[in-house]
Number of protein chains: 2
Amino acid sequence: MNRVTISDVAKAAGVSMKSVSRVINREPNVSDKLRVKVQAAIDALGYVPDLAARSLAGARAFTIGVLLDNPSPNYTMKIVTGAYQACRKHGYHLLLENLESARNDIAEQAADMLRNARIDGFVLTPPITDCEPVLAVLEAQGIPYVRIAPTSFQGRSPALAIDDCSAASELARHFWGLGHRRFGLVTGPPEHGAAGTRRAGFKAQIAELGGSIVAEEYGGFQFETGIGAGLTLLAREDRPSAIFAMNDDSAAGVMSAAAQLGLRVPGDVAVAGFDDSWIAQSVWPNLTTIYQPITELAFEATELLIERGSSEQGNGVRLLDYRLIERGSTVAP
Amino acid sequence: MNRVTISDVAKAAGVSMKSVSRVINREPNVSDKLRVKVQAAIDALGYVPDLAARSLAGARAFTIGVLLDNPSPNYTMKIVTGAYQACRKHGYHLLLENLESARNDIAEQAADMLRNARIDGFVLTPPITDCEPVLAVLEAQGIPYVRIAPTSFQGRSPALAIDDCSAASELARHFWGLGHRRFGLVTGPPEHGAAGTRRAGFKAQIAELGGSIVAEEYGGFQFETGIGAGLTLLAREDRPSAIFAMNDDSAAGVMSAAAQLGLRVPGDVAVAGFDDSWIAQSVWPNLTTIYQPITELAFEATELLIERGSSEQGNGVRLLDYRLIERGSTVAP
DNA sequence: ACCACCTCTGACATCGCTGTCAAGACTGCG
DNA sequence: CGCAGTCTTGACAGCGATGTCAGAGGTGGT
């Protein structure tokens, strides 16, 4: 292997290995002259530091872990993509780790995982993001973590999210503007905090406008359970003219239920979802929904972890923008 | 950090570091007595070798790369899951690498990627699996690779696949058994070799049985393009009674097209797809399709790479089992 | 009993980089 | 001009494993 090493660069630049190391790591107290000289040698030789050696020698592991426990390949893939891009950008490794937050031994799972690898920090995704035992284990080991879309233990770590509440409000106003007054709700899993926030935001806005929520049914974030919720809601005598499901999968289930009952979407019932996941454009008519920047959330979370220290920020929640996406599934009643 | 190191184990077992190393790596010429003694110490201390140190010191990098260029999150996620499991099992790192096989500089992309990391081997997924410049770059560097579902350059590397041809035949016989005689085909992207194999297998079987292919339309593996193909096929005067799309996404598009034309699936037209991807159960009626063990393909491919050498096998194609999944989208005409 | 030839084990250098520490080069001030 | 205090640089010892090579112990043939 003809790899270029740090000592090749040092020789080429006529400086010590350590100086090259300083330039690479942007350490303070390096003169401009030296920096320029070294950088030129690095560029000329096409030097790329060896991750294994860096992590062996130094304090950092150059690896970020992502804790996953989401059944939706869409969601997971977007998270992985974002985290991966951030790692790529900074020359880090990405480690995926699947935990099962529903099991009792979740703390043990987390501890096991830590035994196996050195990791600089973790990105926690829902529903692990709200899983206290995991937070406790990480804190006990002093490993930094960033959470995505947490709804519990605010301020316990840096976090990234969208404003689920006002997103749901905006969707409510969208329906209202079209002329809908009577609504059905398809709820998410109880442990999924953000789903509860969406529901509350929607209801609050509708109440403020003077509309009514005819009924709520459990949709469980899945297509199948969404069908069940849809069938129940749509069979009612006082059928709502519009249904808001807490994610796209269950919204697609509602649309399927409508088809089974011979009702047309959006003519007989308007439907909206949440996430703008892939399924939103794989049903007909395409689903009106809220776009969530999942990839960006993961990217930012990962970068926050990597650059931690360079700008010591607090444990606030950083909100990214969502966007209402109007598609064919919602029209005036 | 209280990590247990190899010398802790050596001390505990009363042997040299090197002996511990031998046991870990299953090197030959180690007495049973020593092996047992060392293994006991390893277990007692919960020792896990440090990947960074191993890869720095040794010839292996303990990292497997997966080359990806597939727009479907479903497919990609399943591949990643399988590869990840294999890496996990053997204590390897997994490196994801996105290439764009449609661009001209694909060889350069591949070369760039190799400059940045030491990697023991690559898993190539479609369509990169059939991308000659990439194969050439890997071979030039002497890096082993395993391909998933290749249709070109057979015998140039080990490969894993399912028998697309006979899977498509089976689907054809399924339709035939239900009483269908006149078929429409929704094709895949031209560069996707396996799609061509499916088509050929289906046509050959139908021809042998004496049925007719009314028409073929380009479906491009995507939902949107599937709608277009469906609209064209279903508007024909001699409308086929059954449609086979080369993947599930485009099949779902066909179903959507049927709905738009006021045709019912499966009453007016039966539809089948291929992959058993997530969308197959997210449409109504659920889609009849061929289950492909994508996760297993990736798992086996990765493991083949990791265990390479221990059993030097040739460049054959190893076939895994597919399975016809009958769901609601196909009934008798 | 001796030598050649295995099999098994250990000492030690080494992989590429960073942390530590000390020394050299400057600065400003009395 | 001298000295303390800062900024800048380099020498060197590790990080935790593996590769190499030499030596210890056993076996069989003569």
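None of the values given here were measured: they were computed from a predicted structure. Each chain gets a letter, A, B and so on, in the order its sequence line appears, and its residues count up from 1.
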Greater than 12 external heavy atoms within 6.0 Å of [X]'s [atom1]:
X: B/Glu108; atom1: CD; answer: no
X: A/Glu139; atom1: CD; answer: yes
X: B/Lys37; atom1: NZ; answer: yes

Which of the following nucleotides, [options], is nearest to the side chain of [X]?
X: A/Ser19; options: C/dC17, D/dC15, D/dG10; answer: D/dG10
X: B/Ala57; options: C/dG16, D/dG16, D/dA11; answer: D/dG16
X: A/Ser21; options: D/dG19, C/dT18, C/dC17; answer: C/dT18

Worksheet item: If you pin B/Arg60 and A/Val15 to their nearest nucleotides in DNA chain D, which one's is more 5'?
Response: A/Val15

Discussion item. Taking side-chain hydrogen bond (donor to acceptor under 3.5 Å, both in side chains) as the cut-off, I'd like each qualifying pair that reaches into residues 38-57 of chain B, sequence neighbours left out, listed once.
Written reply: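 Counting only pairs at least two positions apart or across chains, the side-chain hydrogen bond (donor to acceptor under 3.5 Å, both in side chains) contacts touching residues 38-57 of chain B are A/Arg118-B/Asp50, B/Asn25-B/Arg54, B/Gln39-B/Asp43.
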
Worksheet, complete the sentence: By ring-ring contact (aromatic ring centres under 6.0 Å, His included), A/Phe299 pairs with (sequence neighbours left out) none

For a quick test of reading the model: is some side-chain N or O of [X] closer than 4.0 Å to OP1 or OP2 of [N]?
X: A/Ser16; N: D/dG10; result: yes
X: A/Ser31; N: D/dT8; result: no
X: A/Asn25; N: C/dT18; result: yes

Discussion item. My understanding is that only one of A/Thr129, A/Leu124, A/Ile128 makes a side-chain contact (heavy atoms from CB on, under 4.5 Å) with A/Pro150; could you say which?
Written reply: A/Thr129

Worksheet item: Residues from residues 33-42 of chain A sitting under 4.0 Å of DNA chain D, heavy atoms only?
Response: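 Per residue number, the list reads A/Leu34.
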
Round to a whole Å and report the spacing from [atom1] of [X] to [atom2] of [N].
X: B/Met17; N: D/dG19; atom1: CE; atom2: P; result: 12 Å
X: A/Arg3; N: C/dC15; atom1: CZ; atom2: P; result: 14 Å
X: A/Arg118; N: C/dT18; atom1: CZ; atom2: P; result: 13 Å
X: A/Asn29; N: D/dT8; atom1: CG; atom2: P; result: 5 Å
X: B/Leu56; N: D/dG14; atom1: CG; atom2: P; result: 17 Å
X: A/Lys11; N: C/dG16; atom1: NZ; atom2: P; result: 11 Å
X: B/Asp50; N: C/dC17; atom1: CG; atom2: C1'; result: 14 Å
X: B/Glu27; N: C/dC8; atom1: CD; atom2: P; result: 13 Å

Discussion item. Restricting to side-chain hydrogen bond (donor to acceptor under 3.5 Å, both in side chains), what partner residues turn up for B/Thr76, sequence neighbours left out?
Written reply: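 Scan of B/Thr76 (side-chain hydrogen bond (donor to acceptor under 3.5 Å, both in side chains), adjacent residues dropped) gives none.
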
Fill in: side chain to side chain donor-acceptor pair (under 3.5 Å) assessment of B/Ser157 paired with B/Asn315
CA-CA 5 Å; B/Ser157 76; B/Asn315 290 341; 5.9 Å; no

Practice prompt. Taking only Lys NZ, Arg NE, NH1 and NH2, and the carboxylate oxygens of Asp or Glu, determine whether A/Glu132 and A/Arg156 approach each other closer than 4.0 Å.
Written response: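 Salt bridge: yes.
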
Discussion item. Quick check on DNA chain C: between B/Pro28 and B/Ala53, whose nearest nucleotide comes earlier from the 5' end?
Written reply: B/Pro28

Response to the item:
Overall bend of the helix from C/dA1-D/dT30 to C/dG30-D/dC1 (five pairs an end, 10° steps) is 50°

Item to complete: Tell me what A/Ala52 touches on the nucleic acid: a base, only sugar-phosphate, or nothing, going by heavy atoms under 4.0 Å.
Response: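 A/Ala52: no heavy atom of the nucleic acid under 4.0 Å.
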
Practice prompt. Select base, sugar-phosphate, or nothing to describe what A/Tyr47 touches, counting heavy atoms under 4.0 Å on all strands.
Written response: sugar-phosphate

What pairs of donor and acceptor atoms, side-chain ones from residues 92-99 of chain B against any protein atom, are under 3.5 angstrom apart with sequence neighbours left out?
unit_1	atom_1	unit_2	atom_2	d
B/Glu97	OE2	A/Arg88	NH1	3.0
B/Glu97	OE2	A/Arg88	NH2	3.1

Worksheet item: Hey, does the side-chain of B/Arg22 have a donor or acceptor N/O within less than 3.5 Å of a partner on the base of C/dG10?
Response: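 Per atom types, the contact qualifies.
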
